[in-house]
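Structure first, then comments.
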Amino acid sequence: MTAIRSSTAAPTTLSPAQILGEPLTFRRGGFTVKNRLLKSAMSEVLGSPAHAPTVAHERLYEAWARGGLGLAITGNVMVDRRALGEPGNVVVEDERDLAALTRWASAGKQGGCRVWMQINHPGKQSPTFLSREPVAPSAVPLGAGLESAFATPRALEPHEIEALVERFATTAAIARKAGFDGVQIHGAHGYLVSQFLSPHHNRRDDAWGGTLEKRARFAREVLAAMRRAVGEGFPIGIKINSADFQRGGFGEDESLEVIRMLVDGGIDLIEISGGTYEAPAMTGAEVRESTRQREAYFLAFAERVRAAVDVPLALTGGFRTAEGMASAVSSGAVDLVGLARALALEPDLPRRVLSGEAFVSRVRPLSTGVRKVDQLTALDVSWYEHQLARLGAGKPTDPGLGPWRSVVMSIAKLGVAAVRMRRARG
Ligand SMILES: Cc1cc2nc3c(=O)[nH]c(=O)nc-3n(C[C@H](O)[C@H](O)[C@H](O)COP(=O)(O)O)c2cc1C
């Protein structure tokens with residue numbers, strides 16, 4: 001299965017609006033995205049106390065659909081309510097919230113925008129106030145100063161791994177039933193699938209660890225189980241790291257091999273990212289200046305993937321200008337441009353880019369001036385969560401939101417959530 005690429009032949013004669021405005025058709029299933037702009041997953045943390053989607057999700061995705069977006073991938077939806085990445089995650093493990101999920105999908109599909117659900121399990125990246133004993137491939141704790149906020153995980157038993165594979169499939173089937181246009185496995189950023197891939201985090205010597213083939217088994221089994229659950233013709237993608245940027249971790253050569261395996265397994269879209277909580281390259285933190293100058297952080301790896309496999313490809317991380325987005329597509333490196341923070345700040349970005357504006361995003365590095373505070377409150381993520389919350393409340397974004405004010409807002413929100421979690425357990 002291949003994407004039809006036609007703009008790549010004459011890059012110099014076409015404007016960014018023309019290049020990015022060209023629809024993309026996947027051969028398998030004849031599935032079409034109306035332009036080349038993809039909203040990459042951003043955890044909305046707008047779920048109800050019972051982890052159902054809310055009217056805020058509907059308003060937020062409607063704002064992106066109205067902004068002219070081609071494909072929206074939801075923030076990570078969790079497969080198990082005992083394993084959360086953050087308070088406010090949506091969880092889908094059965095059909096109890098089917099009506100709310102259906103409203104969410106339908107709000108996001110206005111104007112022909114496609115909506116895929118990103119499906120995830122956090123593994124050990126579940127903070128202690130949410131999981132006192134998270135699960136992971138092996139009992140390897142997180143490092144990089146995260147030890148105090150994340151407990152050492154317990155190694156999963158083989159029968160638990162099989163049950164988790166089935167959970168991913170169940171969530172995918174419910175997404176389809178609710179009207180989502182596709183699903184994406186979250187295989188990046190150090191969550192469970194990514195932990196299985198990593199030789200640092202996966203020290204197993206059974207069928208689920210050891211060689212690359214065995215470390216990749218979890219991702220492959222999830223894909224196969226999802227395919228059985230949703231049938232042919234319903235797209236399944238994966239977001240995967242180019243590398244974990246960690247000594248002894250998952251690297252580019254291995255990632256390329258895993259991508260080949262997934263293509264053999266019938267994956268419909270590969271989205272490239274990088275990094276983990278321990279080395280957050282996904283938001284540019286670990287990226288070299290020479291890489292940053294190319295605008296998209298993982299473009300060089302995307303070019304390697306493009307040369308190796310024939311599958312629709314998206315790239316996320318660092319895109320800030322209409323020129324940069326168009327050149328990644330016109331060079332033939334990728335089919336879809338993945339955008340996160342720029343769309344959290346300016347939901348009408350697609351319409352502006354596609355109408356010919358020489359768009360430059362207002363996304364900037366954020367800091368309170370106190371590094372530890374920035375880190376502890378994950379300022380470069382939480383500041384954007386506040387923007388998503390505003391859109392979810394039907395308000396415009398607030399580009400002038402001060403970093404300290406954002407920190408105070410995050411602490412207030414987390415405080416409430418932490419208390420709520422303790423009550424739920426007690
Ligand atoms: C508020 C926020 C939430 C995020 N949540 C997710 C998520 O749920 N799943 C995911 O794959 N990536 C998540 N990311 C990472 C983004 O999808 C993206 O990879 C990263 O922000 C780099 O792209 P950008 O430079 O366009 O922002 C999140 C990023 C932000 C800012």
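Whatever order the structure lists them in is the order used to number ligands and atoms, beginning at 1.
- We find that Asp94 and Arg81 are not joined by a salt bridge, their nearest charged nitrogen and carboxylate oxygen being 4.0 Å or further apart.
- Arg114 forms a cation-pi arrangement with Phe31, by the criterion of a distance under 6.0 Å to the ring centre and an angle within 45° of the ring axis.
- Counting heavy atoms of neighbouring residues, nucleotides and ligands inside a 6.0 Å radius, atom CD of Glu303 exceeds 12 of them.
- Arg405 has no carboxylate O lying under 4.0 Å from a charged side-chain N of Asp398, or vice versa, which leaves the two without a salt bridge.
- Note on Arg320 versus Glu295: no salt bridge recorded, every NZ/NE/NH1/NH2 to OD/OE distance being 4.0 Å or above.
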For ligand 1, list all ligand N or O to protein N or O distances below 3.5 Å, rounded to 0.1 Å.
{"residue": "ligand 1", "atom": "5 (N)", "partner": "Ser43", "partner atom": "N", "Å": "2.8"}
{"residue": "ligand 1", "atom": "8 (O)", "partner": "Ser43", "partner atom": "N", "Å": "3.3"}
{"residue": "ligand 1", "atom": "8 (O)", "partner": "Asn76", "partner atom": "N", "Å": "3.1"}
{"residue": "ligand 1", "atom": "8 (O)", "partner": "Asn76", "partner atom": "ND2", "Å": "3.4"}
{"residue": "ligand 1", "atom": "9 (N)", "partner": "Gln118", "partner atom": "OE1", "Å": "2.8"}
{"residue": "ligand 1", "atom": "9 (N)", "partner": "His186", "partner atom": "NE2", "Å": "3.4"}
{"residue": "ligand 1", "atom": "11 (O)", "partner": "Gln118", "partner atom": "NE2", "Å": "2.9"}
{"residue": "ligand 1", "atom": "11 (O)", "partner": "His186", "partner atom": "NE2", "Å": "3.0"}
{"residue": "ligand 1", "atom": "11 (O)", "partner": "Lys239", "partner atom": "NZ", "Å": "2.9"}
{"residue": "ligand 1", "atom": "12 (N)", "partner": "Ala41", "partner atom": "O", "Å": "3.3"}
{"residue": "ligand 1", "atom": "12 (N)", "partner": "Lys239", "partner atom": "NZ", "Å": "3.2"}
{"residue": "ligand 1", "atom": "14 (N)", "partner": "Ala41", "partner atom": "O", "Å": "3.3"}
{"residue": "ligand 1", "atom": "17 (O)", "partner": "Ser40", "partner atom": "OG", "Å": "3.2"}
{"residue": "ligand 1", "atom": "17 (O)", "partner": "Ala41", "partner atom": "O", "Å": "2.6"}
{"residue": "ligand 1", "atom": "17 (O)", "partner": "Lys239", "partner atom": "NZ", "Å": "2.8"}
{"residue": "ligand 1", "atom": "19 (O)", "partner": "Lys239", "partner atom": "NZ", "Å": "3.2"}
{"residue": "ligand 1", "atom": "25 (O)", "partner": "Gly318", "partner atom": "N", "Å": "2.9"}
{"residue": "ligand 1", "atom": "25 (O)", "partner": "Arg320", "partner atom": "NH1", "Å": "3.3"}
{"residue": "ligand 1", "atom": "25 (O)", "partner": "Arg320", "partner atom": "NH2", "Å": "3.0"}
{"residue": "ligand 1", "atom": "25 (O)", "partner": "Arg341", "partner atom": "NH2", "Å": "2.8"}
{"residue": "ligand 1", "atom": "26 (O)", "partner": "Ala340", "partner atom": "N", "Å": "2.9"}
{"residue": "ligand 1", "atom": "27 (O)", "partner": "Arg341", "partner atom": "N", "Å": "2.9"}
{"residue": "ligand 1", "atom": "27 (O)", "partner": "Arg341", "partner atom": "NE", "Å": "2.7"}

Ignoring hydrogens and angles, write down the donor-acceptor pairs under 3.5 Å from the side chains of residues 354-366, residues two or more places apart or on other chains.
{"residue": "Ser355", "atom": "OG", "partner": "Arg351", "partner atom": "O", "Å": "3.2"}
{"residue": "Ser355", "atom": "OG", "partner": "Arg352", "partner atom": "O", "Å": "3.0"}
{"residue": "Glu357", "atom": "OE1", "partner": "Arg352", "partner atom": "NE", "Å": "3.2"}
{"residue": "Glu357", "atom": "OE2", "partner": "Arg352", "partner atom": "NE", "Å": "3.2"}
{"residue": "Glu357", "atom": "OE2", "partner": "Arg352", "partner atom": "NH2", "Å": "2.9"}
{"residue": "Ser361", "atom": "OG", "partner": "Val363", "partner atom": "N", "Å": "3.0"}
{"residue": "Arg364", "atom": "NH1", "partner": "Ser361", "partner atom": "O", "Å": "3.3"}

